[in-house]
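Model, not experiment: these values are computed from the prediction. Reminder, nothing fancy here: chain letters follow the sequence lines and each chain counts from 1.
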2 protein chains.
Amino acid sequence: MSPRIGLDLPTILQAAVEIADTRGLEEVTLASLAQKLDVRSPSLYNHVNGLSGLRSKLAVYGLEQLLHVMTQAVVGRSGDDAVRELGKAYVAFARAHPGLYDATLRAPDPQDEEVRRLAGETVDLVVRALQAYELKDDAALHAVRGLRSLLHGFSSLEQRGGFGLPLDLDVSFQLLLDTFLAGLHEMKRRAKAESKPN
Amino acid sequence: MSPRIGLDLPTILQAAVEIADTRGLEEVTLASLAQKLDVRSPSLYNHVNGLSGLRSKLAVYGLEQLLHVMTQAVVGRSGDDAVRELGKAYVAFARAHPGLYDATLRAPDPQDEEVRRLAGETVDLVVRALQAYELKDDAALHAVRGLRSLLHGFSSLEQRGGFGLPLDLDVSFQLLLDTFLAGLHEMKRRAKAESKPN
DNA sequence: TTGCAAAAACTAATGACATTAGTTATTATA
DNA sequence: TATAATAACTAATGTCATTAGTTTTTGCAA
């Protein structure tokens, strides 16, 4: 009971990531992938459940890596520093792996257990990074959504060249993060002013 | 010199939007569109330059509509009120027309003159809406990018079901906007504190 | 009224793709 | 050394987009 050892999943994913990052996610086809791996496309079905299966695996792979770089960014930090490094790590990942980043958003099946686990872990990580702002109850989760919106929005628009203006992107990002953080501090101040006097 | 009067561009775009909004942008194919219009797919080439041409037209069409609803949202308003209404109009558009909204981001050719014009007009509109914050020079443009990042990020993640949490989306959005606005005010305060004392 | 030119819509054909069915080849272990 | 498991293969089908070339319609000029 043992077959020939040709392809394996890591090799396939690596090749797929390379195509995605250099040519775009749409160019990741079973045909282009098979050609790159010097194999006939039906052979890929032995490792992956068709094109949609490949995309799902790619999504999980990307989510794992994204979570990893985000985790590395926040260890040993807190408050503004933690959030800033988290943000920088996020956009750096999106810049370094545009196709893979794309896959994490377009491909994932929300029902997939692995996807749910990774999403949960990511939320937990960001909640912890936001601890310093003393957000009550759901407020922390809303803030996680907000931060993610802003990070994804910036990364996504940057990738699509959606910013037509001749303006330094890093400055824009820095300022956006600063504004958001200033807002968080202000919200914290307001919450205190509201609870203390009573 | 006159042909038969069958299809026309508005009819085609309307049908394409309907498919995009109900089944997703990927489902807008010349085949599906032709079927919906009760025509053979090569006939569409008389009105549109293939699939990519259709997508470009769809992008322009969407950008026009988006600019329109944003314009309506800010007329007669200023400051936080203007920004809030602008934001609400943006996400409302994305919610009402998920496929068309998608097209405005994925399809447009940045070289296209029409696209550039619409993008420019949109930037101008938002810059005007942000006048109350007295942002200096490039700061206003950076703020436009920031606001757009946050609006697009939220809309995009909402559409993809990227928010796994069982939490009210409108509250999240409201809070995100509040935080951003509080941040803008704080930045304005800081800028004043920095210039005045000198 | 008639005929023509322009343009829309058509048929036919090609090539890229995903996918399935069924075959061949390889290799670890019994 | 034989075999069972499984990877990789060939062949075939169906869906697309796209191009070439044909037919049809219709406003206008003669």
Side-chain angles (χ1 to χ4, degrees), chain A residues 1-61 99-100 102-103 106-109 112, chain B residues 1-61 99-100 102-103 106-109 112:
Chain A
M1 38 167 123
S2 59
R4 73 175 85 170
I5 32 158
L7 294 174
D8 61 354
L9 194 54
T11 305
I12 290 175
L13 287 181
Q14 196 179 319
V17 168
E18 208 171 305
I19 296 173
D21 285 343
T22 54
R23 292 193 261 154
L25 187 56
E26 321 70 34
E27 296 294 315
V28 179
T29 64
L30 293 185
S32 68
L33 189 55
Q35 186 177 27
K36 188 180 186 77
L37 293 166
D38 204 35
V39 139
R40 304 302 176 141
S41 56
S43 304
L44 296 171
Y45 283 77
N46 286 313
H47 303 274
V48 137
N49 189 14
L51 185 59
S52 67
L54 172 65
R55 289 187 174 144
S56 294
K57 297 240 186 251
L58 213 49
V60 170
Y61 185 65
L100 185 55
D102 216 8
R106 246 191 283 173
D109 173 10
D112 185 305
Chain B
M1 39 170 120
S2 57
R4 73 175 85 169
I5 33 157
L7 293 174
D8 61 353
L9 194 55
T11 305
I12 289 175
L13 287 180
Q14 195 179 321
V17 169
E18 207 172 305
I19 295 174
D21 285 343
T22 55
R23 293 193 260 154
L25 187 57
E26 320 73 33
E27 296 294 316
V28 178
T29 63
L30 293 186
S32 69
L33 190 54
Q35 186 177 28
K36 188 181 186 75
L37 293 167
D38 204 35
V39 140
R40 305 301 175 144
S41 56
S43 305
L44 296 171
Y45 283 78
N46 286 313
H47 303 273
V48 138
N49 189 13
L51 185 59
S52 68
L54 172 65
R55 288 189 174 141
S56 294
K57 297 242 186 249
L58 213 48
V60 171
Y61 184 65
L100 184 56
D102 216 9
R106 246 192 283 174
D109 172 11
D112 186 304

Kindly check if the number of other-residue, nucleotide or ligand heavy atoms within 6.0 Å of CZ (A/R106) is above 12?
-> yes
Might you confirm whether atom CD of B/Q35 has over 12 heavy atoms from other residues, nucleotides or ligands at distances under 6.0 Å?
-> no
Grab the CG-C1' distance between B/L37 and C/dC10 for me, whole Å please.
-> 16 Å
What is the distance, rounded to the nearest whole Å, between atom CG of A/L51 and atom C1' of D/dT15?
-> 14 Å
For D/dA8, take OP1 and OP2 only and decide whether either is under 4.0 Å from a side-chain N or O of A/H47.
-> yes
With distance as the sole test, does B/S32 use its side chain to make a donor-acceptor pair with the main-chain N or O of B/V28 at under 3.5 Å?
-> no
Determine the minimum heavy-atom distance between [X] and [Y], stating which atoms define it.
X      : Y      : value
B/P108 : B/A103 : CD-O, 3.5 Å
B/L100 : B/A20  : N-CB, 4.2 Å
A/L25  : A/G99  : CD1-O, 4.1 Å

For DNA chain D, the residues among residues 38-46 of chain A that have a non-hydrogen atom under 4.0 Å from it = A/V39, A/R40, A/P42, A/S43, A/N46
Name every residue in residues 8-33 of chain A that has at least one heavy atom under 4.0 Å from any atom of DNA chain D, in order of residue number, or write none if there are no such residues.
-> none
Residue pairs involving residues 7-23 of chain A (criterion side chain to side chain donor-acceptor pair (under 3.5 Å); sequence neighbours excluded) = A/D8-A/T11, A/E18-A/K36, A/D21-A/H97
Option passing side chain to side chain contact (heavy atoms under 4.5 Å, CB included) with B/H47 (candidates B/L13, B/L54, B/L7) = B/L7
